[in-house]
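Reading through the structure tokens given below for one structure.
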There are 2 protein chains.
Amino acid sequence: MTQSTAPSPRTRIRRKPERARYDVEAINAIVDAAVICTVAFQIDGAVHAIPTIHWRDGEHLYIHGAKASRMLTALTEGEACLTIALADGLVVARSAMHHSMNYRSVVVYGRFELVTEPAEKERSLKALIDSLYPERWDTLRPINDKELNATGVLRIPLAEASAKARDFGVKDDDEDLDWPVWAGVIPLATTLGTPRREDDSVGRTVPATRFRPQSDSDRGAA
Amino acid sequence: MTQSTAPSPRTRIRRKPERARYDVEAINAIVDAAVICTVAFQIDGAVHAIPTIHWRDGEHLYIHGAKASRMLTALTEGEACLTIALADGLVVARSAMHHSMNYRSVVVYGRFELVTEPAEKERSLKALIDSLYPERWDTLRPINDKELNATGVLRIPLAEASAKARDFGVKDDDEDLDWPVWAGVIPLATTLGTPRREDDSVGRTVPATRFRPQSDSDRGAA
């Protein structure tokens, strides 16, 4: 496992540091695999946290929302801590204490900035759509100025971030290895179900997504 | 949609309030469907957030961790904001701005308390194991005092909580309904993959979990 150095004291992972990664590749891969993050911030000294869709473009993580929202205002005025977590597997052991989960997570510290320049804002929204549905943006009814103006887009650098992952089998105590229960890892994955088309959409092709279909029959025209 | 009243001003959902639920049934159902939450808290006035496994027992949400962790200490000393989010579907529209996600989320405010009484702590850890793997606790090598003592268990009342969900189809603008792209909802689900058993575990039965297997062949002896 590649182990680099934490970019700041608050980013350094103290519990089980052998599971930590601080390199850009590891962090970007987890950011890109997830769709929903949780953003924690303060308003008048009180802590708040809200789950929201995120995406990445280069060295920044982006979120968006209605321009008038409390969160977007608070985020431009103070520090935030953003988390991403993916459950990858159930680790099933012979003793309660060695049950665990395989997971990938990222924690990002920093300050969000508002994306104000219209062309840059549009480029970032294109990155959102195309990250979920490759090349879909150019097939859509073009965005208009009113829509662009109503949307707030914020970005935070991925510079002060850490990743943490568990991706191995069961670590039972030696004396428990013959305890008569099943032990192993049961993988968990996010999979696509059967698309449900809108009535007006007969005969058109379901877009590809970055997620894994449950079976081949879930894809294609519907 | 049942709409009750927010239990506190900070719990009241301001953006898209028609998606809000404040009743115990709605909140418990989302808490029980998720495995990982994010807990946001403060240390010396700075905001931190950490993803962690959670479970529910009655009217409390529980988390656990090493007793010596920063998080467990901070959580007993100040207010926390806890979030849960489940991605249920990709909402695919004809214009960028009407793309969305179906989701279920919960936000909980309050203060954690440490579960110190050993019998109560053991009961709560049994609830964790059995919530993931029904009736597994009693089949395991029994927990010992050292393990029980090393584990910190915290709980927070689910009294000050809100739920929010989107669970409907595409809301495109009327003038876009004949735009020539597919529109609809692509469901997302967490599914189980093929279990990978430990070498010593041949012939034993894979435990049932509360998650949905990808196919029937993923279950049974392995």
Side-chain angles (χ1 to χ4, degrees), chain A residues 14-15 35-36 38 40-42 47-51 53 66 69 79 81 83 85 87 90 92 94-97 99 101 105 125 129 132 137 139-141 143 147 169-170 176-177 179 181-193 195-198 200-201 204-207 209 211 214, chain B residues 15 35-36 38 40-42 47-51 53 66 69-70 79 81 83 85 87 90 92 94-97 99 101 105 125 129 132 137 139-141 143 147 169-170 176-177 179 181-193 195-198 200-201 204-207 209 211 214:
Chain A
R14 291 160 172 81
R15 304 295 317 171
V35 199
I36 297 181
T38 289
F41 54 97
Q42 290 166 317
V47 64
H48 298 272
I50 294 182
I53 294 177
S69 77
E79 293 283 304
C81 179
T83 68
L90 302 166
V92 183
R94 286 97 168 174
S95 65
M97 304 311 292
H99 281 70
M101 286 190 70
S105 66
L125 293 171
I129 295 289
L132 285 168
W137 179 271
T139 71
L140 297 172
R141 189 267 289 158
I143 195 167
E147 291 171 331
V170 183
D176 293 333
L177 293 180
W179 192 268
V181 289
W182 189 87
V185 174
I186 307 178
L188 291 171
T190 298
T191 50
L192 296 174
R196 297 190 297 265
R197 66 164 168 74
E198 293 291 300
D200 318 84
S201 210
R204 308 197 193 284
T205 304
V206 182
T209 76
F211 298 94
Q214 238 187 311
Chain B
R15 304 295 317 170
V35 197
I36 297 180
T38 289
F41 54 98
Q42 291 166 318
V47 64
H48 298 273
I50 293 182
I53 295 177
S69 75
R70 279 189 312 162
E79 293 283 303
C81 179
T83 67
L90 302 166
V92 183
R94 288 97 168 175
S95 65
M97 303 311 292
H99 281 70
M101 286 190 70
S105 66
L125 293 171
I129 295 289
L132 285 168
W137 179 271
T139 70
L140 297 173
R141 188 267 290 156
I143 195 166
E147 292 172 330
V170 183
D176 292 334
L177 293 181
W179 192 269
V181 291
W182 189 87
V185 174
I186 307 178
L188 290 171
T190 298
T191 50
L192 296 174
R196 297 191 297 266
R197 66 163 169 75
E198 293 291 300
D200 318 85
S201 210
R204 307 199 195 281
T205 304
V206 182
T209 76
F211 298 94
Q214 241 186 312

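Throughout, protein chains are lettered first and strands after them, A, B, ... in sequence-line order, and every chain is numbered starting at 1.
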key: B/Arg15, part contacting chain A, at a heavy-atom distance under 4.5 Å   = side chain

query = Which atoms of B/Ile143 come close to chain A, meaning under 4.5 Å heavy atom to heavy atom: side chain ones, backbone ones, both, or neither?
reply = side chain

For the student: nearest non-hydrogen atoms of A/Trp182 and B/Thr205, plus distance = CB-O, 3.1 Å

note = Heavy-atom nearest pair, B/Pro207 first then A/Ile186, reads O-CD1, 4.4 Å

task = Can you tell which part of A/Val185 gets under 4.5 Å to a heavy atom of chain B, answering side chain, backbone, both or neither?
result = both

Minimal non-hydrogen separation, A/Phe211 against B/Leu188, with atom names = CG-CD2, 3.9 Å

inquiry  = At a heavy-atom distance under 4.5 Å, which candidate from A/Ser105, A/Ser95, A/Ala87 has the highest pair count against chain B?
reply    = A/Ser95

ask   = Quick one: of A/Leu177, A/Ile129, A/Leu132, A/Asp176, who has the most non-hydrogen atom pairs under 4.5 Å with chain B?
value = A/Asp176

message = Nearest 0.5 angstrom please: B/Leu125 CG to A/Met97 CE, how far?
response = 6.0 Å

Which atoms of A/Glu147 approach chain B - backbone, side chain, both or neither, heavy atom under 4.5 Å = both

query = Would you call B/Leu90 and A/Leu192 a side-chain contact if the rule is heavy atoms closer than 4.5 Å?
reply = yes

query = Does B/Leu140 reach the side chain of A/His99, with side-chain heavy atoms less than 4.5 Å apart?
reply = yes

key: Greatest number of heavy atom pairs closer than 4.5 Å to chain A - which of B/Arg94, B/Met101, B/Glu79   = B/Arg94

ask   = In terms of heavy-atom pairs under 4.5 Å with chain A, which of B/Ala183, B/Gly184, B/Ala66, B/Pro51 leads?
value = B/Ala183

task = With a 4.5 angstrom heavy-atom cut-off, could you sort out which part of B/His48 is near chain A: side chain, backbone, both or neither?
result = both

ask   = If you take all heavy atoms of B/Ala40 and A/Ala49, which pair is closest and at what distance?
value = CB-CB, 3.9 Å

message = Show the nearest heavy-atom pair for residues B/Ile36 and A/Ala85, with the distance to one decimal.
response = CG2-CB, 3.9 Å

Pairwise distance CD(A/Gln42) to CD(B/Gln42) - rounded to 0.5 angstrom = 4.5 Å

query = What heavy-atom pair brings A/Thr83 and B/Ile50 nearest, and what distance separates the two atoms?
reply = CG2-N, 4.0 Å

remark   = Bottom line for A/Arg14: the part with an atom under 4.5 Å from chain B's heavy atoms is side chain

query = What part of B/Val170 gets closer than 4.5 Å to chain A, counting heavy atoms only: side chain, backbone, both or neither?
reply = both

key: Part of A/Arg196 lying under 4.5 Å from any heavy atom of chain B   = both

query = Which bit of B/Thr139 is near chain A, if near means a heavy-atom gap under 4.5 Å: side chain, backbone, both or neither?
reply = both

key: Under 4.5 Å from any heavy atom of chain A - which part of B/Trp179   = both

